[in-house]
Amino acid sequence: MIHSLFLINNAGDLFLEKHWKSVISRSVCDYFFEAREKAVEPDNVPPVIRTPHHYLINIYREKIFFVSVIQTEVPPLFVIEFLHRVAETFQDYFGECSETTIKDNVVIVYELLEEMLDNGFPLATESNILKELIRPPTILRSMVNTITGSSNVGETLPTGQLSNIPWRRAGVKYTNNEAYFDVVEEIDAILDKSGTTVFAEIQGVIDACVKLSGMPDLTLSFMNPRLLDDVSFHPCVRYKRWESERVISFIPPDGNFQLMSYHISAQNLVAIPIYVKQNISFFETGSSGRLDIAVGPKQTMGKTVECLVVTVHMPKVVLSANLSATQGTYNYDPVTKILLWDIGKLNPQKLPNLKGSLSLQSGAPKPEENPSLNIDLKIQQLAISGLKVNRLDMYGEKYKPFKGVKYVTKAGKFQVRT
């Protein structure tokens, strides 16, 4: 199964390694560095890299590459899912999954990796079980451990390990009982020069924060469950109930967890929230070019588009950009050749526009193709697919919990060709 794990930052520094079987030399990562150099963006590094004696399976999270080393054939998605669990566990324990926090809590990181994998095979990956095995760090606990020489490792076996519901610990009690769900959707889309949709799909997740006493049994239903054609559930969900009735029935883990993820690939169901009018041209003579980009709302269901950012990877011959923006700020980095236009909140009454001239390297040939535009955005209180939660019912306990649902739409890989 998994022999070793290497954590590598964006600069290519290997700052943590863990071996479960034999120690594998760091030189195996040279194959990964080669693939990283060929990929323009960190997200474009192939998830599976074949070497003469190993497979390198990697993910990119929070500006960190999690690179696992495999010596035998295994289902790649199995390893990828485990690596995501590792990143989510660090996030849950330390508040963020960054190089700094991992280095600051390196002892707990090694303790967690030791519990999560046993001889290369996943063992305890549920947050509730891990928190009983290894207590999350606090300032007071760190001081006590330093003075007394004790560790964060618990002395008793977690209660969940001994039950048929391993994701939930026994005897949970809260003064305020609450269950909140976040429906987060990401649009992956490619639009051509005329604004026609070439490709569009939605990747969605439902994140839950459930703090309920006892052993509640929840049922979540949707207004339009037929939208969901490709779903993946947390192990707590009763899949047969979903197949027959299209409702999610489950005994929830305690705290934060991802209830389900889904994928909507039917292009007619994907609403494109903005339109982009653009014209980028390079002249044959004069070592210059023109740029004109305008953005406006399209299918936003009356909601406001926020955190709107347009990124353009310019050709290498572009030296500088002399532009003016009617809204937001722009920045052109002559080293990385990236033009970043941070618009912020989209105002439908006054549409943002960025236009001006581009200076090219003198004597250099005209770029063969125009750069594409990458769009980043966020829309609060909207699931772009139209998915809506109908109701949440609770059985097995007599109290009435606080309940809430929040919807967010973001841009995933959203590209406009010019």
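These figures come from a predicted structure and were not determined experimentally.
Counting heavy atoms from C-beta on, the side chains of D104 and F94 never come closer than 4.5 Å. Side-chain contact between I108 and I134 is present, with at least one heavy-atom pair separated by less than 4.5 Å. Here the side chains of P252 and R168 are in contact, with some heavy-atom distance below 4.5 Å. Using a 4.5 Å cut-off on side-chain heavy atoms (C-beta onward), C236 and I251 make no contact. Two residues are said to be in side-chain contact when any heavy atoms from C-beta on lie closer than 4.5 Å; K303 and Q381 meet this criterion. For the pair V295 and W341, the minimum side-chain heavy-atom distance is below 4.5 Å. Within the 4.5 Å cutoff, side-chain heavy atoms of V309 are placed close to those of L340. Side-chain contact between M394 and P401 is present, with heavy atoms from C-beta onward closer than 4.5 Å.
Of the N and O atoms on the side chains of N177 and S213, at least one donor lies less than 3.5 Å from an acceptor on the other residue. The closest side-chain donor-acceptor pair between T100 and S98, if any, does not fall under 3.5 angstrom. In this structure, a donor-acceptor pair under 3.5 Å is present between the side chains of E185 and Y262. Side-chain contact of Y60 with N10: a donor-acceptor pair under 3.5 Å is present, judged by distance alone.
Side-chain atoms of T196 never come within 3.5 Å of backbone atoms of D192 as a donor-acceptor pair (strictly under, hydrogens ignored). Using modelled atom types, no side-chain atom of S221 and backbone atom of N390 make a donor-acceptor pair closer than 3.5 Å. For D342 (side chain) and T329 (main-chain N/O), no donor-acceptor pair under 3.5 Å exists by modelled atom type. Side-chain N or O atoms of R241 include none that pairs as donor or acceptor with a backbone N or O of I248 at under 3.5 Å. Between the side chain of D13 and the main chain of F15, no donor-acceptor pair closer than 3.5 Å is present. A side-chain donor-acceptor contact under 3.5 Å links T409 to the backbone of L382. Under a 3.5 Å cut-off, the side chain of W167 and the backbone N or O of I129 do not form any donor-acceptor pair. Remark: side-chain polar atoms of Y332 are paired, donor with acceptor, to backbone N or O of V318 under 3.5 angstrom. When atom types are taken as modelled, the side chain of Q299 and the backbone of I272 share a donor-acceptor pair closer than 3.5 angstrom. Listed for the T101 side chain is no donor-acceptor partner under 3.5 Å among the backbone atoms of C97.
Between H3 and I24, the shortest heavy-atom distance links the atoms CB-CD1, 3.6 Å. The minimum heavy-atom distance between E397 and G214, with the atom names listed, is OE2-CA, 3.5 Å. The nearest pair of heavy atoms linking P297 to L346 is N-CD2, 3.6 Å. Of all non-hydrogen atoms in N224 and G386, the two that sit nearest each other are ND2-O, 2.8 Å. Taking each heavy atom of V270 and A200 in turn, the nearest pair found is CG1-CB, 3.7 Å. Across all their heavy atoms, L360 and S288 have their closest contact at CD1-C, 3.8 Å.
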Stepwise salt bridge (Lys or Arg N to Asp or Glu O under 4.0 Å) check, E114 with K18
CA-CA 9 Å; E114 199 63 51; K18 168 73 177 142; 2.5 Å; yes
With salt bridge (Lys or Arg N to Asp or Glu O under 4.0 Å) as the criterion, how do K38 and E34 come out once you've worked through the C-alpha distance, each side chain's angles and the decisive distance to 0.1 Å?
CA-CA 7 Å; K38 287 177 187 173; E34 279 177 30; 5.2 Å; no
Would I206 and F222 count as a side-chain contact (heavy atoms from CB on, under 4.5 Å) if you check the C-alpha gap in whole Å, the side-chain angles of each, and the deciding distance to 0.1 Å?
CA-CA 12 Å; I206 298 181; F222 299 100; 3.7 Å; yes
Salt bridge (Lys or Arg N to Asp or Glu O under 4.0 Å) evaluation trace for R391 with D393
CA-CA 7 Å; R391 58 185 294 168; D393 297 311; 2.8 Å; yes
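Expressed to the nearest 0.5 Å, how far NZ of K410 lies from CD of Q380 amounts to 9.0 Å. Here L212 contributes atom CG and D217 contributes atom CG; the two are 11.5 Å apart, rounded to the nearest 0.5 Å. Between the CD1 atom of I343 and the CG atom of L377 there is a distance of 10.0 Å, given to the nearest 0.5 Å. Of the inter-residue distances, the one linking N370 atom CG with S281 atom OG reads 7.5 Å to the nearest 0.5 angstrom. We find the CG-NZ distance between L191 and K298 to be 7.0 Å, quoted to the nearest 0.5 Å. Of the inter-residue distances, the one linking I2 atom CD1 with I70 atom CD1 reads 5.0 Å to the nearest 0.5 angstrom.
Counted within 6.0 Å of NZ on K345, heavy atoms from surrounding residues, nucleotides or ligands total 12 or fewer; the atom is thus considered open. Counted within 6.0 Å of CD on E243, heavy atoms from surrounding residues, nucleotides or ligands total more than 12; the atom is thus considered enclosed. More than 12 heavy atoms of other residues, nucleotides or ligands sit less than 6.0 Å from atom NZ of K337. Around atom NZ of K131, more than 12 heavy atoms belonging to other residues, nucleotides or ligands sit under 6.0 Å away.
A salt bridge links E88 with R61: the closest approach of a Lys/Arg side-chain nitrogen to an acidic carboxylate oxygen falls below 4.0 angstrom.
Just one residue in the list L5, V109, I8, N9 forms a side-chain contact (heavy atoms from CB on, under 4.5 Å) with L16, and that residue is V109.
Take D207 and apply the side-chain contact (heavy atoms from CB on, under 4.5 Å) test, not counting sequence neighbours, and it matches D182, V184, V205, Q258.
Note: H234 and F257 meet the aromatic proximity criterion, with ring centroids under 6.0 Å apart.
The ring-ring contact (aromatic ring centres under 6.0 Å, His included) analysis of residues 168-217, with sequence neighbours excluded, yields no pairs.
Between H19 and F6, the ring-plane angle classifies as perpendicular under the 30° and 60° cut-offs.
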